[in-house]
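Take a look at the structure below.
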Amino acid sequence: MKFKKVAAVCASAVAACGLAVALVGCGGGAAKQVAVPSDATNEARALLLLQDQGIIKLADGVGLNATKNDITENPYNIEIVEAEAASLPRMLADVDMAVINGNYAISADIDPATALASEDSASEAAVEYGNVVAVRSGEEKSPKTEALLAALESDTVKDFIDATYNGAVVATFESGEAGEIPQAEGDDTTITVGASPAPHAEILNQVKDLLAEKGWTLEITEFTDYVQPNVALSEGDLDANYFQHQPYLDDYNAQNGTDLVGVAKIHFEPLCLYPGKTVSVDDLKA
């Protein structure tokens, strides 16, 4: 009888350990913490990056729909800490590592060279989440749109991205893909573009002179949120905006009944794994 009770207790402990493995491994002392973005899109990307580093294993086929519930193996006792993406740079000192979006790393003056790992430029995320220039439906081929795209898809921009962001921003276009910048004609020669400060407005600033050579004036309106640039574009206050990826734009259109169109992918911002209290992936696994 006593043996059966002991066996039952052991079986229960094993089952509990199995259920907990998705969050922290069984045994091995206090869990090390890795912070990831809490929004569904970026959390999935972060978990895939951790899987690529051999830190966790996800259920087969979950891809960009992955959540913490899809962690099937956690051999190194890692606690996944979810937090708002913009807050992750401030958390680095308090966690072992954090997976941080490129724009937030840039804004926080985190050196991209310190990243321990990053999403591959040929990854599923890179294809899906490249940052686009958006315009109102019907203006995809307007002279302003064509001028803006030709300027952005230039050697000037590609060289600036490569030299400035050290892998935190990756150009996704082929230079000259949009052709030559058309000459401005008539009285309406100002192109007004809404953008987030970094890296979008910084990139746009590089093409002011290129556009000016063809008679265009580029005005950049900076936004610090992810709603107002689409509102301003929908209401006609902007000619274009440049701050978001296509899935976000699709979701915005679906929720607000708008018809904004992404006309070109300019860059991709890989999620990167940055060290906090732990300085290497090998140390995290130790």
Side-chain angles (χ1 to χ4, degrees), residues 34-39 41-46 48-50 83-95 97-123 125-134 151-173 193-208 218 220-230 240-249 264-276 279:
V34 176
V36 302
S38 57
D39 61 286
T41 294
N42 287 315
E43 181 175 40
R45 293 169 60 189
L48 288 169
L49 179 58
L50 296 179
E84 201 276 322
S87 70
L88 290 171
R90 299 191 297 273
M91 294 177 62
L92 268 179
D94 300 316
V95 296
M97 293 182 185
V99 181
I100 302 176
N101 295 71
N103 58 322
Y104 293 127
I106 293 167
S107 298
D109 293 324
I110 296 174
D111 183 357
T114 64
L116 304 174
S118 64
E119 290 176 303
D120 190 274
S121 59
S123 66
V127 174
E128 187 77 3
Y129 297 112
N131 281 217
V132 300
V133 173
L152 283 171
E153 294 181 343
S154 64
D155 286 333
T156 297
V157 168
K158 190 174 189 307
D159 291 345
F160 172 76
I161 289 175
D162 290 344
T164 304
Y165 299 113
N166 201 18
V169 178
V170 179
T172 56
F173 59 87
V193 183
S196 57
H200 306 82
E202 295 172 349
I203 293 171
L204 285 166
N205 273 311
Q206 306 310 305
V207 304
K208 282 186 172 181
L218 176 62
I220 304 166
T221 302
E222 293 190 8
F223 295 86
T224 57
D225 76 297
Y226 285 179
V227 175
Q228 291 307 311
N230 281 335
N241 67 37
Y242 173 40
F243 75 98
Q244 64 194 323
H245 50 60
Q246 189 65 49
Y248 179 88
L249 177 58
K265 292 180 182 177
I266 304 301
H267 77 266
F268 170 59
E269 297 172 17
L271 289 184
C272 293
L273 178 64
Y274 287 98
V279 299

Looking at side-chain heavy atoms only, is the closest gap between N241 and V133 below 4.5 Å?
no
Exam field: side chain S123 to backbone E119, donor-acceptor pair closer than 3.5 Å:
no
Any side-chain heavy-atom pair of P199 and Y165 under 4.5 Å:
yes
Minimum-distance pair of heavy atoms, taken over all atoms of S87 and A83:
OG-CB, 3.8 Å
Report yes if the side chains of E269 and I106 come closer than 4.5 Å at any heavy-atom pair, otherwise no.
no
Taking it one step at a time, do R45 and V99 satisfy side-chain contact (heavy atoms from CB on, under 4.5 Å)?
CA-CA 9 Å; R45 293 169 60 189; V99 181; over 6 Å; no
So that I know where these two stand, are H267 and Y129 an aromatic pair - ring centroids less than 6.0 Å apart?
no
To the closest 0.5 Å, what do you measure between CG (L48) and CD (E43)?
10.5 Å
Distance-only polar pair, side chains of Q246 and N131, donor-acceptor under 3.5 Å
no
Nearest heavy-atom pair of V279 and L116: which atoms, and what distance?
O-CD2, 3.5 Å
Can you confirm if the aromatic rings of H200 and Y242 lie within a centre distance of less than 6.0 Å?
yes
Going through the checks in order, is the side-chain contact (heavy atoms from CB on, under 4.5 Å) test met by L50 and V34?
CA-CA 9 Å; L50 296 179; V34 176; 4.1 Å; yes
Closest non-hydrogen atoms of P37 and N42, given as atom of the first, atom of the second and distance, are CB-CB, 3.5 Å
Carefully, step by step, assess D162 and F160 under the rule side-chain contact (heavy atoms from CB on, under 4.5 Å).
CA-CA 6 Å; D162 290 344; F160 172 76; over 6 Å; no
Rounded to the nearest 0.5 Å, how far does CD1 of I161 lie from CD1 of I203?
4.0 Å
In Å, rounded to the nearest 0.5 Å, how long is the span from CD1 of I110 to OH of Y104?
12.5 Å
Do the side chains of F173 and V157 get nearer than 4.5 Å, heavy atoms only?
yes
Spacing of CD belonging to E128 relative to NE2 belonging to H245, to within rounding of 0.5 Å
8.5 Å
Test item: K158 side-chain N/O and T172 main-chain N/O as donor-acceptor pair under 3.5 Å
no
Under 3.5 Å, is there a donor-acceptor pair between the side chain of N101 and the main chain of N103?
no
Which atom names give the shortest non-hydrogen contact between R90 and A86, and what distance separates them?
NH1-O, 3.7 Å
If we ignore hydrogens and angles and just use 3.5 Å, is the side chain of Y248 paired with the main-chain N or O of Y226 as donor and acceptor?
yes
Nearest heavy-atom neighbours spanning F223 and G194
CE1-CA, 3.7 Å
Roughly how far apart are L92 CG and T114 OG1, rounded to 0.5 Å?
8.0 Å
For S121 and A126, work out which heavy atoms get closest and say how close.
O-CB, 3.2 Å
Distance in Å, I100 CD1 paired with S118 OG, rounded so as to fall on 0.5 Å steps
13.0 Å
So, do D111 and N166 sit near enough that their side-chain heavy atoms are less than 4.5 Å apart?
yes
